[in-house]
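Below is one structure, written out as structure tokens; comments come after it.
Read the numbers this way: they start at 1 and go in the same order the structure lists the ligands and their atoms. Nothing fancy with the numbering, it's 1 onward along the sequence.
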Amino acid sequence: MTKPVQPNEPLVTHIYTADPSAHVFEGKIYIYPSHDLDHEMISNDNGDQYNMEDYHVLSIDGDGSPCVDHGEVLHVKDVPWAKQQMWAPDAAYKNNTYYLFFPARDHDDIFRIGVATSASPSGPFTPEPSYIPGSYSIDPAVFVDDDGKSYIYFGGLWGGQLEKWQTGSFVPDAEGPSEMAPALGPIVAELSENMLSFEGEPREISIIDTNGNPILAGDEERRYFEGPWVHKYNGFYYLSYSTGTTHNIVYAISKDPLGPYEYQGKILSPVLGWTTHHSIVQFKEKWYLFYHDSSLSGGADNKRSVKYTELRYNDDGTIQTIHP
Ligand code: FUB
């Protein structure tokens, strides 16, 4: 593909892509998306329609450059522990190695999170034989802090199975908290030095309002649903995520990567399609939001396209809401 990409246009149109995790590696923006398949699936709250099998890596040089599709970098058939549904991935760089973190259902139909490695940001990636011990649910997002510590954030409701882990083990018919109870937060774990395992137990992140009270499960405009992303701006940690049923991307701020995070507001209004999923990255002097919608497929929830747009901060560190 040689056509320059424009803000709010699909990065590529020859395949469907979703759930973009963008990072600057080797002077370019690399995007690690899900690869939506162009086939018809039964659609349900379990997410069976998102039956992805592999990952491609994309890259752009910046505003107005063409997008390069580096091709398939990992396929489910090459991951011994994974059965199906290669959902939203993320990537990180450390130890002269590129790490691809990805969720999939294991052979017991339980979502787990695996790692694959490469010497290049464009892959191909070689998977570890087993998933990360103690990992569960979906949507891994890895943040490498200035002090070298790495954190993995993950978790998603409904098809992502987060509510089934409230006791610490998998309870297949467990439901989420009642409307007036605190909402479930995303999970965070510190990653080991080699990035292949958790350092200590994963723990739930608390998201609170400006009065210090937890956001409640019934507060669907603000409560956590899936798709966490953490970035740092002016010394503060920004946790952004999808509210799922209300289709917003919102954010909360903390002085500590482990939280608690205080809710701030909306980053992205609802897009065409049920899901919304994003990442935030700085490239040169500007900040960018990568997101997806279903415009290219005419609104098919499971056939999405990755786009980007500029993200702007106000002087007080709050983020201006984007209405794409
Ligand atoms: O792409 C499959 C799932 O849809 C992702 O894991 C969620 O974040 C949602 O975008």
Side-chain angles (χ1 to χ4, degrees), residues 10 15-22 31-39 41-56 58 74 76 82-91 100-106 109-114 131 135-142 152-165 184-187 223-230 239-251 267-268 270-280 289-297 299-307 324:
I15 54 172
Y16 291 115
T17 56
D19 307 326
S21 291
I31 302 105
Y32 300 85
S34 300
H35 174 201
D36 283 353
L37 292 174
D38 189 5
H39 62 189
M41 294 293 295
I42 291 169
S43 193
N44 55 33
D45 287 349
N46 205 32
D48 290 344
Q49 62 275 37
Y50 303 105
N51 193 24
M52 297 87 98
E53 295 178 356
D54 67 355
Y55 296 111
H56 284 225
L58 309 177
L74 182 67
V76 67
K83 178 178 157 199
Q84 61 186 33
Q85 286 171 296
M86 303 284 265
W87 283 14
D90 191 18
L100 184 72
F101 295 85
F102 59 96
R105 281 184 194 253
D106 69 9
D109 276 328
I110 298 176
F111 267 109
R112 305 286 187 174
I113 295 170
Y131 55 79
S135 69
Y136 56 92
S137 199
I138 59 165
D139 291 357
V142 173
I152 183 166
Y153 301 82
F154 58 91
L157 300 179
W158 295 13
Q161 304 177 336
L162 182 60
E163 54 275 74
K164 302 187 188 308
W165 287 94
L184 296 178
I187 308 298
R223 67 95 169 80
Y224 179 79
F225 190 90
E226 63 184 2
W229 185 260
V230 169
L239 166 69
S240 38
Y241 56 91
S242 165
T243 60
T245 48
T246 49
H247 317 287
N248 300 313
I249 298 289
V250 299
Y251 72 109
I267 295 179
L268 182 67
V271 295
L272 182 63
W274 199 94
T275 67
T276 184
H277 192 116
H278 78 299
S279 60
I280 294 168
L289 177 84
F290 283 77
Y291 67 101
H292 71 220
D293 71 16
S294 297
S295 55
L296 185 65
S297 65
D301 287 338
N302 63 322
K303 296 177 195 175
R304 301 161 290 180
S305 298
V306 168
K307 303 178 169 187

Closer than 4.0 Å to some heavy atom of [X] - which atoms of ligand 1 meet that?
| X | result |
| --- | --- |
| His277 | 7 (C), 8 (O), 10 (O) |
| Arg304 | 1 (O), 2 (C), 4 (O), 9 (C), 10 (O) |
| Ala88 | 6 (O) |
| Met52 | 1 (O), 2 (C) |

> Backbone N or O of Asp293 within a donor-acceptor pair of the Arg304 side chain at under 3.5 Å?
Replying inline: no
> Under a 4.0 Å heavy-atom limit, does Gln85 contact ligand 1 with its side chain, its backbone, both, or neither?
Replying inline: neither
>> Can you list everything that forms a side-chain contact (heavy atoms from CB on, under 4.5 Å) with Asp48? Sequence neighbours excluded, please.
In response: Asn44, Asn46, Gln85, Arg105
> Counting heavy atoms only, which of His278, Met86, Glu226, His292 is nearest atom 9 (C) of ligand 1?
Replying inline: Glu226
> Nearest heavy atom to atom 5 (C) of ligand 1: which of Asn302, Thr275, Asp139 does it belong to?
Replying inline: Asp139
>> To the closest 0.5 Å, what do you measure between OH (Tyr241) and OH (Tyr224)?
In response: 9.5 Å
> Is the centre of the Trp229 ring less than 6.0 Å from the centre of the Tyr153 ring?
Replying inline: no
> Are the aromatic rings of Trp158 and Phe225 close, with centres under 6.0 Å apart?
Replying inline: yes
> Please state which protein non-hydrogen atom is closest to atom 10 (O) of ligand 1 and give its distance, to 0.1 Å?
Replying inline: Asp19 OD1, 2.6 Å
> How far is atom 3 (C) of ligand 1 from its nearest protein heavy atom, and which residue and atom name does that atom have?
Replying inline: Trp87 CE3, 3.8 Å
>> Using the ring pair (Phe, Tyr, Trp, His ring centres under 6.0 Å) criterion, which residues pair with Tyr131? Sequence neighbours excluded.
In response: Trp81
